[in-house]
J.: 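Provided herewith is a single structure, encoded as structure tokens, for subsequent inquiry.
The basis for the numbers below is simple: all heavy atoms, side chains too, and nothing from hydrogens, waters or symmetry mates.
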Amino acid sequence: MNTVWLSNYERLGIELSQCRDEGKDISGYEEKVKALEALDPQEREVRAAALLDELSKLPVQEGYPYDEPSDLEGIRKARPDGPRRMDVKLSDDRLYDKILGAWLGRCSGCLLGQPIEGWKRERIVGLAKETDNYPFKYYISSDISPELREKYGIKDKGSVYGSRKINWINNVEHMVEDDDTNYTIIGLSILENYGLDFTPEDVAESWLTNLPILHTCTAERVAYQNLVNLIMPPKSASFRNCYREWIGAQIRADFFGYITPGYPELGAEFAWRDASISHIKNGIYGEMWVAAMLSAAAVMDDVEEIIKVGLSEIPKNSRLAEAISQVLTWKDNGITNWEEAVDKVHEIYDESYGHDWCHTISNAMIVAIALLYGEKDFEKTIGIANLAGFDTDCNGATTGSIIGMMVGAKELPEKWISPLNDMIKSGVDGFQKVRISELATRTMPFAKMSLAVK
């Protein structure tokens with residue numbers, strides 16, 4: 001996931017969509033935004049900031065059908081029944097294998113999707129088919145015919161988190177930097193510095209200390225700005241933050257699931273502490289859902305049940321819960337082909353519009369489809385997640401992580417794991433280059449600590 005740094009004026013269009021999603025009456029505001037075009041840039045920016053503040057104060061309309069609190073107590077009151085905590089009967093060796101599998105799976109799914117991030121589905125599928133790689137059977141290479149390179153706009157030169165080349169598989173020697181893995185590593189750093197009792201303020205301090213602002217995107221970048229200006233959590237999540245329900249928190253969930261095997265309630269709580277500094281409502285729920293699924297995946301092997309455990313930790317009457325529950329019905333209603341399921345998401349959301357492309361809910365639906373139709377097959381699952389379009393590397397990373405946790409590192413296909421060379425580069429201070437196996441080893445003590453929590 002990546003973005004330019006938008007001005008307050010440029011954020012207003014997204015803010016209108018966000019307010020509409022939240023059930024606010026924005027009548028007349030499109031005209032107010034349009035009227036700003038005639039102003040000089042400085043005055044326009046001042047007026048845009050005032051409009052963002054005004055829109056943030058609009059009430060939810062009467063009759064809005066969803067109940068979407070952002071505080072932990074409110075979320076827990078609004079969630080359905082769930083297991084909360086399950087029996088864990090894993091040896092240390094098996095637990096380590098699962099945690100390592102999750103780390104490796106996350107890296108692999110992300111690496112597959114990074115070079116095609118931002119591509120439309122038609123372009124992704126076209127390239128895959130014309131290179132005999134549909135569904136994906138291997139990583140994507142730029143070493144293809146000149147005709148296909150021109151047709152699909154394949155380039156090798158480019159800058160992604162400091163890389164001097166686009167990270168096609170023929171250009172990498174290890175797992176490359178990505179925000180999808182930076183935040184997993186930040187999770188480890190937070191726990192090593194603050195322990196299981198870490199707070200949202202500790203998360204904020206960790207970001208400011210260990211992660212450069214230009215390595216953040218969308219909601220995280222706005223929250224970072226707010227923190228620098230001493231706007232602290234939870235207000236840092238909502239102040240002039242039009243991205244507050246985008247996917248950014250959902251991609252930060254994984255470490256909190258890794259360290260809470262069989263304890264989805266605690267995994268979701270850790271995720272809430274993290275998400276609440278930059279997101280509200282469904283933005284928070286996305287992170288809680290993924291963390292709880294990973295907690296469950298450590299001890300369960302039924303994908304549908306794992307998804308349902310994740311849903312048990314978020315408000316049952318939320319837009320995210322409604323969307324994922326809808327996906328769960330599709331197979332029973334005759335949609336047996338994953339392409340048809342992906343088609344339905346594209347009917348609901350427009351991948352050409354940034355708010356839809358990068359929203360928590362659209363991408364969570366892709367994650368759910370990939371998990372359900374991937375049928376515990378690692379290659380098939382990360383392949384669906386990336387061929388579906390939308391935020392490819394994010395969804396590939398999340399699904400790869402969950403399947404990796406379910407099956408363990410020893411069961412992951414060598415062709416997807418060996419190119420990582422057990423090494424990852426990150427933008428997190430102190431973790432510039434580190435072995436993936438070392439990250440798994442350093443994760444283990446926290447998983448065992450959570451097992452001992454009463």
Side-chain angles (χ1 to χ4, degrees), residues 1 95-117 133 135-143 156 158 160-189 215 251-255 257-258 294 297 370 374 377-386 392-428 430-444:
M1 181 181 60
L95 179 58
Y96 173 79
D97 184 58
K98 281 177 166 282
I99 289 172
L100 178 59
W103 275 104
L104 291 169
R106 183 159 188 78
C107 292
S108 177
C110 179
L111 184 59
L112 174 61
Q114 193 197 79
I116 54 172
E117 182 182 18
N133 194 17
F136 283 132
K137 299 183 285 291
Y138 41 81
Y139 288 109
I140 309 167
S141 173
S142 65
D143 187 14
D156 289 293
V160 183
Y161 296 105
S163 297
R164 294 184 179 181
K165 291 184 177 181
I166 304 299
N167 291 312
W168 308 105
I169 194 61
N170 50 304
N171 292 335
V172 302
E173 297 177 352
H174 51 74
M175 179 57 200
V176 297
E177 183 182 352
D178 195 280
D179 57 344
D180 293 276
T181 47
N182 277 346
Y183 289 118
T184 320
I185 291 171
I186 277 278
L188 173 59
S189 178
H215 290 240
I251 70 171
R252 296 175 1 223
D254 291 55
F255 185 79
Y258 297 173
L294 279 157
D377 182 292
F378 181 79
E379 177 173 297
K380 187 176 180 181
T381 300
I382 64 171
I384 293 171
N386 280 288
T392 52
D393 60 332
C394 293
N395 299 331
T398 297
T399 55
S401 188
I402 292 169
I403 299 300
M405 176 67 84
M406 285 179 63
V407 304
K410 293 176 183 176
E411 296 299 318
L412 294 177
E414 185 67 19
K415 66 178 175 178
W416 291 105
I417 301 308
S418 60
L420 304 174
N421 285 313
D422 191 30
M423 186 68 67
I424 184 170
K425 178 182 181 295
S426 87
V428 181
F431 294 86
Q432 277 68 36
K433 268 193 178 180
V434 60
R435 292 203 171 277
I436 300 170
S437 55
E438 180 188 335
L439 296 174
T441 297
R442 290 166 68 171
T443 303
M444 274 288 289

J.: Please tell me if the side chains of I169 and P419 come closer than 4.5 Å, counting only heavy atoms from C-beta onward.
T.: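 Touching, per the 4.5 Å side-chain cut-off.
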J.: Do the side chains of M175 and M423 get nearer than 4.5 Å, heavy atoms only?
T.: no
J.: At what distance, to the nearest 0.5 angstrom, does CD1 of I251 lie from OG1 of T184?
T.: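 Answer for the CD1-OG1 pair, I251 versus T184, is 8.0 Å.
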J.: Count the heavy atoms of every other residue, nucleotide or ligand shown that sit under 6.0 Å from NZ of K433, and state whether that count exceeds 12.
T.: no
J.: Sequence neighbours excluded, which residues qualify as salt bridge (charged side-chain N to carboxylate O under 4.0 Å, His left out) partners of E411?
T.: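 E411 satisfies salt bridge (charged side-chain N to carboxylate O under 4.0 Å, His left out) with no other residue.
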J.: Any chance the rings of Y139 and W416 have centres within less than 6.0 Å?
T.: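 Yes, ring centres under 6.0 Å apart.
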J.: Within a strict 4.5 Å, meaning less than it, do heavy atoms of the C107 and I424 side chains meet?
T.: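 Answer yes - side chains close enough.
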J.: In terms of side-chain geometry, is the basic nitrogen of K165 or D156 positioned less than 4.0 Å from the acidic oxygen of its partner?
T.: no
J.: Between E173 (side chain only) and N171 (backbone N and O only), is there a donor and an acceptor less than 3.5 Å apart?
T.: no
J.: Are N182 and E177 close enough, and set up right, to give a side chain to side chain donor-acceptor pair (under 3.5 Å), and what steps lead you there?
T.: CA-CA 7 Å; N182 277 346; E177 183 182 352; 2.9 Å; yes
J.: Ignoring hydrogens and angles, tell me if any N or O in the side chain of D254 forms a donor-acceptor pair with the backbone of T398 under 3.5 Å.
T.: no
J.: Restricting to non-hydrogen atoms, name the atom on A370 and the atom on T399 that form the minimum distance, rounded to 0.1 Å.
T.: CB-CG2, 3.8 Å
J.: Can you tell me how the ring of H215 sits relative to the ring of Y161, calling it parallel under 30°, perpendicular over 60° and tilted otherwise?
T.: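 Geometry flag for Y161 against H215: tilted rings.
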